[in-house]
Structure formats: structure tokens, C-alpha cells
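Notes for the one structure printed next.
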Protein chains: 2
Amino acid sequence: MPDVNRVLSRRDRVRAATQSELTAAARELLVTGGTEAVTVRSIASALGMTAPAIYRYFDSREALLDALIDALYDELAAELIAVRDAAGSLAGRFLETSRAFRRWALAHRAEFGLLFGAPIPGVGELGAAGEDRGRRFGALWLELFIELAARDRDVVRWRRPIPERLRAQVTDYVESIGGVVDTDTALLFLACWERLYGAVCTEVFGHLAFALDDAEELFEDQLLDVAERLGIGPS
Amino acid sequence: MPDVNRVLSRRDRVRAATQSELTAAARELLVTGGTEAVTVRSIASALGMTAPAIYRYFDSREALLDALIDALYDELAAELIAVRDAAGSLAGRFLETSRAFRRWALAHRAEFGLLFGAPIPGVGELGAAGEDRGRRFGALWLELFIELAARDRDVVRWRRPIPERLRAQVTDYVESIGGVVDTDTALLFLACWERLYGAVCTEVFGHLAFALDDAEELFEDQLLDVAERLGIGPS
DNA sequence: TCCGTTTCGTTAACGTTGTTCACTTGCGCG
DNA sequence: CGCGCAAGTGAACAACGTTAACGAAACGGA
């Protein structure tokens with residue numbers, strides 16, 4: 001007899017299934033109608049049930065959106081990891097992962113807004129949970145930088161003196177993730193992440209739309225800048 | 001007799017005053033309680049009146065928020081222009097304006113989220129009005145780049161070949177603002193704006209919080225990078 | 001100065017939102 | 001098999017944005 005999932009009873013399994021169907025319905029509503037279209041009643045009726053039933057699965061609307069955020073993080077992370085591990089060279093892994101990040105953001109603007117936009121108070125709270133998400137998502141990139149640093153230590157050398165306070169903060173961060181990386185590499189990662197996320201954010205939120213319909217080439221230029229800084233030649 | 005403001009009747013003046021009192025009240029609520037705290041009823045009662053009265057001044061809650069966005073843009077622009085024009089050298093004007101942008105964003109996180117965050121459907125609509133806002137705000141920076149380019153034409157030379165499509169888009173943009181600048185300078189402005197806005201966005205929205213409590217030095221590093229690119233030595 | 005019009009603000013109400021409560025149904029575990 | 005608990009329902013509540021009908025005050029022209 002298939003004794004897999006013994007730890008989860010049948011009830012628990014259908015419950016978990018319903019939960020993810022609910023977040024999926026919420027996502028669909030988010031994509032088609034924006035944030036305000038994702039109402040508890042709409043979500044419920046998408047599964048053919050009434051609003052109060054939702055509260056058997058989530059404590060509140062916010063908790064449901066929080067679960068959606070988690071699922072989206074997982075989806076995005078899985079996609080990036082797949083792209084990263086599919087590319088051949090180390091340079092290709094970095095470039096393709098970065099491009100995949102932008103591509104996902106543009107293909108899923110609404111979801112990106114939920115994950116990375118202005119924090120809605122109560123939802124996606126940038127408190128403990130949010131920081132943990134950031135840490136896990138950062139780890140995905142961090143591995144690339146560890147590889148890059150291992151290949152060429154010169155890459156992590158800073159052009160300018162590093163302010164004492166900045167170094168201290170980065171050291172604390174490194175410690176918080178178990179010291180799997182040295183401070184210099186972590187700093188390099190943070191600076192590059194800031195650039196890449198920033199570029200994607202600017203474009204997705206439409207703050208280049210006053211000038212450009214499609215900022216792909218501009219992103220590509222920024223990316224090549226970063227790559228150069230990382231000792232990666234043009235792919 | 002003081003015949004100033006003849007074009008605006010007394011009624012029109014107190015009406016305009018009430019309108020800005022309403023947006024100010026909305027802002028106060030936004031700052032203290034987040035987006036969802038800014039309800040029509042709360043705004044009204046802050047001025048000692050009831051909710052429906054609001055509709056004598058704005059077509060909807062969204063229209064009120066839109067007016068608030070405009071006021072905030074004006075405030076931010078005024079502050080940046082003041083800083084820009086106070087600094088002595090051209091280099092100082094660029095650096096201080098950039099720093100002032102970050103400072104304003106951090107000091108007014110909620111407002112920044114409204115202006116530059118994920119576009120809320122219906123509010124701040126990144127349509128025609130949004131693009132116009134972007135254009136006006138961009139003009140503020142653009143003047144700096146015109147000065148920079150006038151001082152040293154080498155600065156606007158691109159390190160990589162500029163893709164045809166990108167050049168075409170930038171040319172269109174230049175045309176849309178009356179051709180007050182050449183394509184190369186506009187491109188340089190857009191790339192730098194993307195970096196600076198991106199860095200501020202990353203920090204304000206808390207997407208470095210998993211690692212850094214204060215990203216000031218990281219921003220400063222990015223800023224000095226950009227400055228170097230612009231032929232500006234360290235200030 | 002007085003009158004008609006316009007504006008401002010109110011109260012009442014409607015539909016919708018998130019959420020709670022009391023209740024029924026029926027599946028799944030012991 | 002039968003009991004228990006989880007799942008789902010309908011009614012209800014407060015608060016939301018918004019509209020309608022109405023009264024009062026203020027303005028502009030004769």
C-alpha cells in the first residue's frame with residue numbers, strides 16, 4: 001500500500017489543496033482586476049463557495065494574500081533557479097538569471113507589485129517574515145556571487161574605501177545567514193542586487209514610461225555594466 | 001484697493017483652500033495609518049465635516065488622492081530645485097540633488113510609496129497624467145544633464161554601441177519634450193535616473209532590510225559611481 | 001436692498017467590503 | 001459502524017465609497 005503522505009491525513013491533504021486553490025484564485029483576480037478586485041467574496045465564489053468559508057482556511061484576507069506572496073516567491077525562485085542551473089558558463093548563469101528576473105517581473109506586473117512594491121500595511125509586512133523572504137530570495141543570488149568570488153578574488157575588491165559602519169552591517173548580515181560567505185563578497189552582492197532590482201523596479205512601475213515604451217535595451221546596458229564589474233565579458 | 005486675485009473670486013479662493021486642506025488631511029492619515037486609513041469619512045471629519053461634503057470638492061476618493069499626488073510632486077520638486085540651486089558647483093548640484101531625493105524618500109516613506117510605488121489601479125494612473133508627471137519631474141534632472149553635457153561632451157559618449165531601437169525611442173522622447181536636448185544626453189539622463197531611482201526604491205521599499213538597517217553608504221557608493229561616469233570627481 | 005441662483009453642507013440610504021456567529025451537514029478517523 | 005469535528009451556509013454587523021434629496025448660507029445683478 002502507498003504509505004506516502006502518512007504524516008498528512010487525507011483531510012489535511014484536501015485542506016492544503018483547497019488552500020492553494022484559494023491563493024490561485026486570488027492571483028487570478030489580482031491579475032485581471034488589480035488589488036481591489038481580489039475580494040474575499042470573489043475568491044470564495046471562484047471555488048463555488050461563500051465568503052465565510054474562507055475563514056476556515058485563512059485567519060483573514062491579509063493572511064491569504066500573505067500565503068499568495070509566499071507561493072509567488074516560491075514560483076519566482078524556482079524559475080530563476082531553473083534558469084540559473086540550465087545555463088552553461090558561470091557568466092551565462094549570472095546574465096540569464098538576471099534577465100529571467102526582469103522577464104518574470106514584466107510578464108507578471110501585478111504579482112511583482114505585490115511582492116516588491118510599496119509594502120501595504122498589514123500585508124506582506126516587511127517585518128520578520130519579510131526579512132526572511134528577502135534572505136531566502138537573496139540566497140539564490142548569493143550562490144552566484146560565491147562562485148564568482150571563488151573564481152576571481154579580484155572581483156570583490158572595492159574601488160573605494162568601505163565605510164566602517166557599512167562593513168559592520170554587512171558582517172552582521174553574513175553572520176545572520178550562518179557565515180557562508182565573506183563580507184566582501186556579500187557587499188558586492190548587495191550592491192549588484194540593488195542595481196538590478198532597482199532597474200527592474202523602475203521599469204515595471206512605469207517610471208521610465210514617460211520616455212520609453214520598452215526599456216529592455218536600457219536594462220541590458222545596466223546589466224552589462226554590472227557584468228563588467230564582475231569580471232564577466234559580454235555574453 | 002488690492003485688486004490682486006481678481007481672476008479668482010473669494011468663493012474660489014476659499015474653495016481652493018479647502019481642497020488643499022483636504023489633501024493635507026489625507027496625507028496626515030496616510031502617514032500615520034497607511035493607505036487604508038485614508039478613508040473619505042476620516043478625511044472629512046478631520047475638517048469637521050461629513051463624508052458626502054467631500055464630493056463637492058472631488059469627484060471621488062481617487063480624484064482626491066490624485067490631487068494629493070500632484071501636491072506631493074510639487075513639494076518634492078520644489079525641495080529638489082531649492083537644493084539644486086543652492087549648491088555651488090555643478091558637481092555639487094548633481095550630488096546634493098540626488099542625496100536630497102533619497103533623503104526626502106526616506107523621510108516620507110508613505111508619500112514616496114504613493115508617488116513611486118506599484119501603481120494602484122485607478123489612482124495615480126500611469127496613463128497620460130502619470131507620464132506628464134514623469135516628464136515634468138524628469139525635466140528637473142534633465143537640466144543638470146544638459147549642463148553636464150555642455151561642460152564636457154565626452155561624458156555623453158556611450159561605451160557600448162547604442163541599439164537602434166533604443167536610440168529611436170529616446171529620439172521620440174526628446175521630440176516629445178520639444179527637443180531641448182540631444183539624444184545622447186537624454187539617454188545618459190535616463191540611464192542615470194534609472195540607477196538613482198532604483199537605488200532609492202530598493203531601500204525605501206525595504207528590499208535591503210534583510211541585510212542592512214541603513215543603506216546610506218551603499219547609496220553613496222552607487223552615487224559616486226554615477227558621478228564618476230559623469231566626469232564628476234568625489235565631492 | 002432685495003431676489004434668484006449657486007454653492008456648501010447635512011441626513012438618510014444603498015450596495016459592497018471584511019468579518020463573526022449560530023447552525024447544519026456530512027466526511028473521515030478510531 | 002457511529003461519533004466527532006471540520007467544512008460550509010445564511011444572517012448579521014460595522015465600516016466603506018457614493019448618491020439623492022433637502023436646507024441654509026453666501027454671492028451677483030437689478
Side-chain angles (χ1 to χ4, degrees), chain A residues 1-23 25-26 29-30 32-68 114 120-125, chain B residues 1 3 5-23 25-26 29-30 32-68 114 120-125:
Chain A
M1 284 301 150
D3 225 31
V4 199
N5 295 347
R6 245 291 311 288
V7 60
L8 253 49
S9 69
R10 167 176 165 77
R11 266 239 255 266
D12 287 343
R13 269 179 290 124
V14 317
R15 180 185 168 79
T18 306
Q19 268 173 335
S20 54
E21 279 185 66
L22 285 172
T23 56
L29 289 164
L30 174 72
T32 59
T35 317
E36 64 181 16
V38 37
T39 75
V40 175
R41 282 175 173 84
S42 299
I43 298 170
S45 82
L47 291 236
M49 53 194 202
T50 60
I54 300 283
Y55 292 82
R56 299 285 164 186
Y57 298 93
F58 296 97
D59 285 346
S60 65
R61 186 188 107 113
E62 290 178 3
L64 194 157
L65 287 179
D66 223 62
L68 173 57
L114 193 62
I120 305 165
V123 179
E125 220 37 356
Chain B
M1 283 299 155
D3 224 31
N5 295 347
R6 243 293 308 287
V7 59
L8 253 50
S9 70
R10 165 178 167 77
R11 266 241 254 263
D12 286 343
R13 270 181 290 123
V14 319
R15 180 182 170 81
T18 306
Q19 269 174 332
S20 55
E21 278 184 67
L22 286 172
T23 58
L29 289 164
L30 174 72
T32 59
T35 316
E36 64 181 15
V38 37
T39 74
V40 175
R41 283 177 171 82
S42 299
I43 298 170
S45 84
L47 291 235
M49 53 195 201
T50 61
I54 300 282
Y55 292 82
R56 299 285 164 189
Y57 298 93
F58 297 98
D59 285 345
S60 66
R61 187 188 105 113
E62 290 178 2
L64 194 158
L65 287 180
D66 222 61
L68 172 57
L114 192 63
I120 303 166
V123 178
E125 217 44 352

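Side chains included, hydrogens not; waters and symmetry mates left out as well; all remaining heavy atoms used. Note on naming: letters A, B, ... go to the chains in the order of the sequence lines (proteins, then strands), and numbering restarts at 1 for each one.
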Assign A:S60 to base, sugar-phosphate, or nothing according to its heavy-atom contacts below 4.0 angstrom with the strands shown.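 The answer is sugar-phosphate, as A:S60 gets under 4.0 Å only of primed atoms, P, OP1 or OP2.
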A:Y57 near the nucleic acid: base, sugar-phosphate alone, or nothing, with a heavy-atom cut-off under 4.0 Å?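 Sugar-phosphate: the residue A:Y57, judged by heavy atoms under 4.0 Å, touches backbone atoms but no base.
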So, does [X] use its side chain to make a donor-acceptor pair with the main chain of [Y] at under 3.5 Å?
| X | Y | answer |
| --- | --- | --- |
| A:R15 | A:R56 | yes |
| B:R61 | B:V38 | yes |
| A:S45 | A:G48 | no |

Test side chain to side chain contact (heavy atoms under 4.5 Å, CB included) applied to B:I54 and B:L47, B:D59, B:T18, B:I43, the passing residue: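 When B:L47, B:D59, B:T18, B:I43 are each tested with B:I54, the side chain to side chain contact (heavy atoms under 4.5 Å, CB included) holds only for B:I43.
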Between [N] atom [atom2] and [X] atom [atom1], what is the distance in whole Å?
| X | N | atom1 | atom2 | answer |
| --- | --- | --- | --- | --- |
| A:R10 | C:dG28 | CZ | P | 4 Å |
| B:R61 | C:dT16 | CZ | P | 18 Å |
| B:I54 | C:dC8 | CD1 | C1' | 12 Å |
| B:L47 | C:dC8 | CG | C1' | 13 Å |
| A:L64 | C:dT19 | CG | P | 10 Å |

Hey, is the side chain of B:T50 poking within less than 4.0 Å of OP1 or OP2 on C:dT10, counting only N and O atoms?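 For C:dT10, OP1/OP2 do have a side-chain N/O of B:T50 under 4.0 Å.
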How far apart are the C-alpha atoms of B:S42 and B:T39, what are their side-chain angles, what is the distance that settles it, and do they pass the side-chain hydrogen bond (donor to acceptor under 3.5 Å, both in side chains) test? CA-CA 5 Å; B:S42 299; B:T39 74; 2.8 Å; yes
Gap between atom [atom2] of [Y] and atom [atom1] of [X] - 0.5 Å precision:
| X | Y | atom1 | atom2 | answer |
| --- | --- | --- | --- | --- |
| A:L114 | A:D66 | CG | CG | 9.0 Å |
| A:E36 | A:L29 | CD | CG | 12.0 Å |
| B:Y57 | B:E21 | OH | CD | 9.0 Å |

What N/O pairs connect the protein and nucleotides 5-7 of chain C at under 3.5 Å? Give each pair on its own line.
from  : atom 1 : to    : atom 2 : distance (Å)
C:dT6 : O2     : B:R11 : NH2    : 3.4

Take B:L65 and B:F58, measure what side chain to side chain contact (heavy atoms under 4.5 Å, CB included) needs, and give me the verdict at the end. CA-CA 9 Å; B:L65 287 180; B:F58 297 98; over 6 Å; no
Assuming nearest nucleotide by heavy-atom distance, tell me which of A:A53 and A:R41 is located more 5' along DNA chain D.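 Here A:A53 is the residue nearer the 5' end.
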Does anyone know the first and last nucleotide of DNA chain D in reach of chain B, 5' to 3', at under 4.0 angstrom to a heavy atom?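 Counting from the 5' end, contacts occupy D:dC16 to D:dC27.
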Which residue, A:S42 or A:D59, contacts DNA chain C at a nucleotide closer to its 5' end, judged by nearest heavy atom?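 Here A:S42 is the residue nearer the 5' end.
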